[in-house]
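One structure below.
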Amino acid sequence: MLIAVLKEAKQDETRVALTPDAVKTLTGKGFEVAVESSAGMQSGASDADYQAAGASISTDRTQLIASADVFPVVNALPAVDQEQMKSGSVMIGFLRPLDDPASLAAAVKRGVTLLSMELVPRISRAQGMDALSSMATVAGYKAVIVAANHLHKLFPLLMTAAGTIPPAKVLVLGAGVAGLQAIATARRLGAVVEAYDVRAAAGEQVKSLGAKFIEVDLGGLQTEDKGGYAKELSPEALELGRQAIAKAAKTTDVIITTAQVPGRPAPLLIPAAAVEGMRPGSIIVDLAAPAGGNCEVTKPGETIVHHGVTIFGPGNIVAEVPVHASMLYSRNLINFLLLILKNGELTIDRADEIIAGSCVAFGGEIVNQRVADAAVRQVAAS
Ligand code: NAD
């Protein structure tokens, strides 16, 4: 059985699905691994590193795709590659099945088993496979570094003979995995940090990191679902949050915004008027940009200036830190791969809760109802 690590085809992608360390784990268990030449180059891994880990190097992508059984990927292979895949082969990675199911149609048709890292259930047994959390950690950190780099001010309080410099003020919206990492990073750089989230549980975590939690009275509204995720709020509840944010934004230097509701467009938290109320030179880094953005004027994938405020809408911020993003992602993938590669065999046990949750397509059919519904919606919208 052959496991193939391909060069990512997406233009802004610098990560690699499996690092040499991860490959070594697989070859150590007797699996055959082939790596497309220079697949790891942008994340610091040379062909020689992969060879030292026991992989072979291939310069023939088409032949590699036609012969491999398992494809660990960062992003789904493009349709032109999917058409060459063997029936019964497995592709596993960030496949975006709810956002763009049509981009997987060729693989479904060929009978490729599709496993989505986004849909791995967040149960204790799957914690080591939680690639969303890994990437959110990298994104939260990097967003603060981007902001600090572009802000025309220093972050920490400095007392010098020439006078005292007050600390920068940072506001973090959404205190999940990315938001908490952003708070911790901004605090380490010496900023004064405030944060807002609709989940009451987030308040304690925010305070434990030394930040102030902005309390908004939503009248006892249930804001969390059974899984601990935020629910989509009513327009009235959203507006109460927006008012508190607009007030805090007037005196803040940096806003890092991370709010998401799984399966829904990102909630609008910063209307254009709130941006216009900020001081010129302030910075917004909108990590929700790929889901539409939390800020009304965000342009996904672009950096714009609106009324003197610079708004970053990064499309793939983790690709700016490819070494550690690949390292974490690769470990998540290996943990998942070891679930389907047992005793030298490829075994897709669809009764397993993790596989059942993440399996998008099997035997030529979409097997996840949410994905099937998303596919119908996508066709209707096109
Ligand atoms: P996410 O990326 O879906 O959302 C980010 C944050 O945005 C969340 O904290 C959410 O509450 C917040 N948000 C949504 N709508 C908002 C609004 N209108 N205003 C303000 N904030 C809003 O979430 P995530 O970071 O992936 O994690 C969400 C929860 O899941 C957290 O409690 C996290 O600790 C938990 N979690 C659990 C596991 C596990 O293995 N059990 C793993 C990762 C995360």
Side-chain angles (χ1 to χ4, degrees), residues 94 96 98-99 117-141 143 171-184 194-209 211 213-218 221-249 255-271 274 284-296 314 317-318 328-329 331-332 335-336 353-354 357-358:
F94 284 129
R96 304 182 65 238
L98 296 172
D99 304 305
M117 290 302 276
E118 295 96 328
L119 299 183
V120 169
R122 277 174 157 175
I123 55 173
S124 315
R125 187 163 66 89
Q127 263 180 8
M129 308 171 199
D130 186 354
L132 285 181
S133 286
S134 297
M135 296 304 104
T137 299
V138 175
Y141 168 86
L171 172 62
V172 176
L173 304 178
V177 181
L180 291 172
Q181 185 57 237
I183 294 169
E194 285 186 306
Y196 171 65
D197 196 296
V198 283
R199 292 178 302 109
E204 286 312 309
Q205 292 167 319
V206 165
K207 287 180 208 156
S208 74
L209 290 170
F213 189 62
I214 298 177
E215 308 272 356
V216 177
D217 184 1
L218 297 178
L221 187 79
Q222 178 57 261
T223 56
E224 254 179 61
D225 67 13
K226 289 197 297 289
Y229 283 102
K231 283 184 172 173
E232 193 167 33
L233 298 187
S234 64
E236 296 75 27
L238 264 176
E239 183 52 31
L240 288 172
R242 279 197 287 264
Q243 284 169 10
I245 291 163
K247 189 165 163 231
I255 303 182
I256 309 288
T257 173
T258 74
Q260 306 242 24
V261 177
R264 305 293 308 150
L268 172 60
L269 300 181
I270 315 172
I284 297 175
V285 182
D286 192 343
L287 288 185
N294 292 140
C295 174
E296 191 176 359
I317 197 169
V318 291
L328 295 177
Y329 181 62
R331 286 187 185 159
N332 295 138
N335 290 333
F336 198 131
E353 190 180 357
I354 297 172
S358 58

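When a ligand or atom number is given, it counts from 1 through the structure's own listing order. In what follows, every heavy atom counts, from backbone to side chain, and hydrogens, waters and symmetry copies are set aside.
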List the closest protein heavy-atom neighbour of [atom]: residue, atom name, distance to the nearest 0.1 Å.
{"atom": "atom 8 (C) of ligand 1", "result": "D197 OD2, 3.5 Å"}
{"atom": "atom 22 (C) of ligand 1", "result": "A259 CB, 3.5 Å"}
{"atom": "atom 5 (C) of ligand 1", "result": "T258 O, 3.4 Å"}
{"atom": "atom 33 (C) of ligand 1", "result": "V177 CG2, 4.5 Å"}
{"atom": "atom 17 (C) of ligand 1", "result": "V198 CG1, 3.7 Å"}
{"atom": "atom 29 (C) of ligand 1", "result": "G228 O, 3.8 Å"}

[X] to ligand 1: N or O pair under 3.5 Å?
{"X": "S133", "value": "no"}
{"X": "A178", "value": "no"}
{"X": "G176", "value": "yes"}

Any heavy-atom pair between the side chains of [Y] and [X] that's under 4.5 Å?
{"X": "L233", "Y": "T223", "result": "yes"}
{"X": "T137", "Y": "V177", "result": "yes"}
{"X": "L98", "Y": "E118", "result": "no"}
{"X": "V206", "Y": "I183", "result": "yes"}
{"X": "T257", "Y": "L171", "result": "no"}
{"X": "I270", "Y": "L173", "result": "yes"}

**OP:** Quick one: do D130 and V120 satisfy side-chain contact (heavy atoms from CB on, under 4.5 Å)? Show the steps, please.
**Re:** CA-CA 7 Å; D130 186 354; V120 169; 6.0 Å; no

Subject >> Nearest neighbour of atom 31 (C) of ligand 1 from the list R242, Q181, E232, R199, on a heavy-atom basis >> reply: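 Among R242, Q181, E232, R199, the closest heavy atom to atom 31 (C) of ligand 1 comes from R199.
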
**OP:** Compare E224, R122, Q260 and give the one whose heavy atom is closest to atom 3 (O) of ligand 1.
**Re:**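 Checking each option, the heavy atom nearest atom 3 (O) of ligand 1 is found in Q260.
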
Looking at [X], which atoms of ligand 1 are within less than 4.0 Å of one of its heavy atoms?
{"X": "Q127", "result": "40 (O)"}
{"X": "L238", "result": "18 (N)"}
{"X": "Y196", "result": "19 (N), 20 (C)"}

Subject >> Donor-acceptor under 3.5 Å (N294 side chain, A259 main chain) >> reply: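 Side chain of N294 to backbone of A259, a donor-acceptor pair under 3.5 Å: yes, one is there.
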
[X]: heavy atom below 4.0 Å from ligand 1, yes or no?
{"X": "L132", "value": "no"}
{"X": "L173", "value": "no"}
{"X": "A175", "value": "yes"}

**OP:** Compute whether any side-chain donor of one residue and acceptor of the other, for S134 and R331, lie under 3.5 angstrom apart.
**Re:**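 R331 and S134 do not have a side-chain donor-acceptor pair below 3.5 Å.
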
Subject >> Region of V261 that comes within reach of ligand 1 [heavy atoms, distance under 4.0 Å] >> reply: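 Answer for V261: side chain.
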
**OP:** Report the part of D130 (side chain from C-beta onward, or backbone N, CA, C, O) that has a heavy atom under 4.0 Å from ligand 1; answer both or neither where that applies.
**Re:**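 Just the side chain.
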
Subject >> Closer than 4.0 Å: a protein non-hydrogen atom to atom 35 (C) of ligand 1 >> reply: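 No; the ligand atom in question lacks any protein heavy-atom contact below 4.0 Å.
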
**OP:** Answer yes or no for atom 24 (P) of ligand 1: protein heavy atom present at a distance under 4.0 Å?
**Re:**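 For atom 24 (P) of ligand 1 the answer is yes, since some protein heavy atom falls inside 4.0 Å.
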
Subject >> Lys/Arg N to Asp/Glu carboxylate O, K247 vs E194, below 4.0 Å >> reply: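 No, this pair does not count.
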
**OP:** Under the side-chain contact (heavy atoms from CB on, under 4.5 Å) rule, what do D197 and F213 come out as? Steps first, then yes or no, please.
**Re:** CA-CA 8 Å; D197 196 296; F213 189 62; 4.1 Å; yes

Original post:
Would you say E239 has more than 12 foreign heavy atoms packed within less than 6.0 Å of its CD?
Top reply: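 Counting other residues, nucleotides and ligands, CD of E239 exceeds 12 neighbours.
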
Subject >> Reported CD-to-CG distance for the pair Q260 and L287, which is rounded to 0.5 angstrom >> reply: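 Taking CD in Q260 and CG in L287, the distance rounds to 8.5 Å.
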
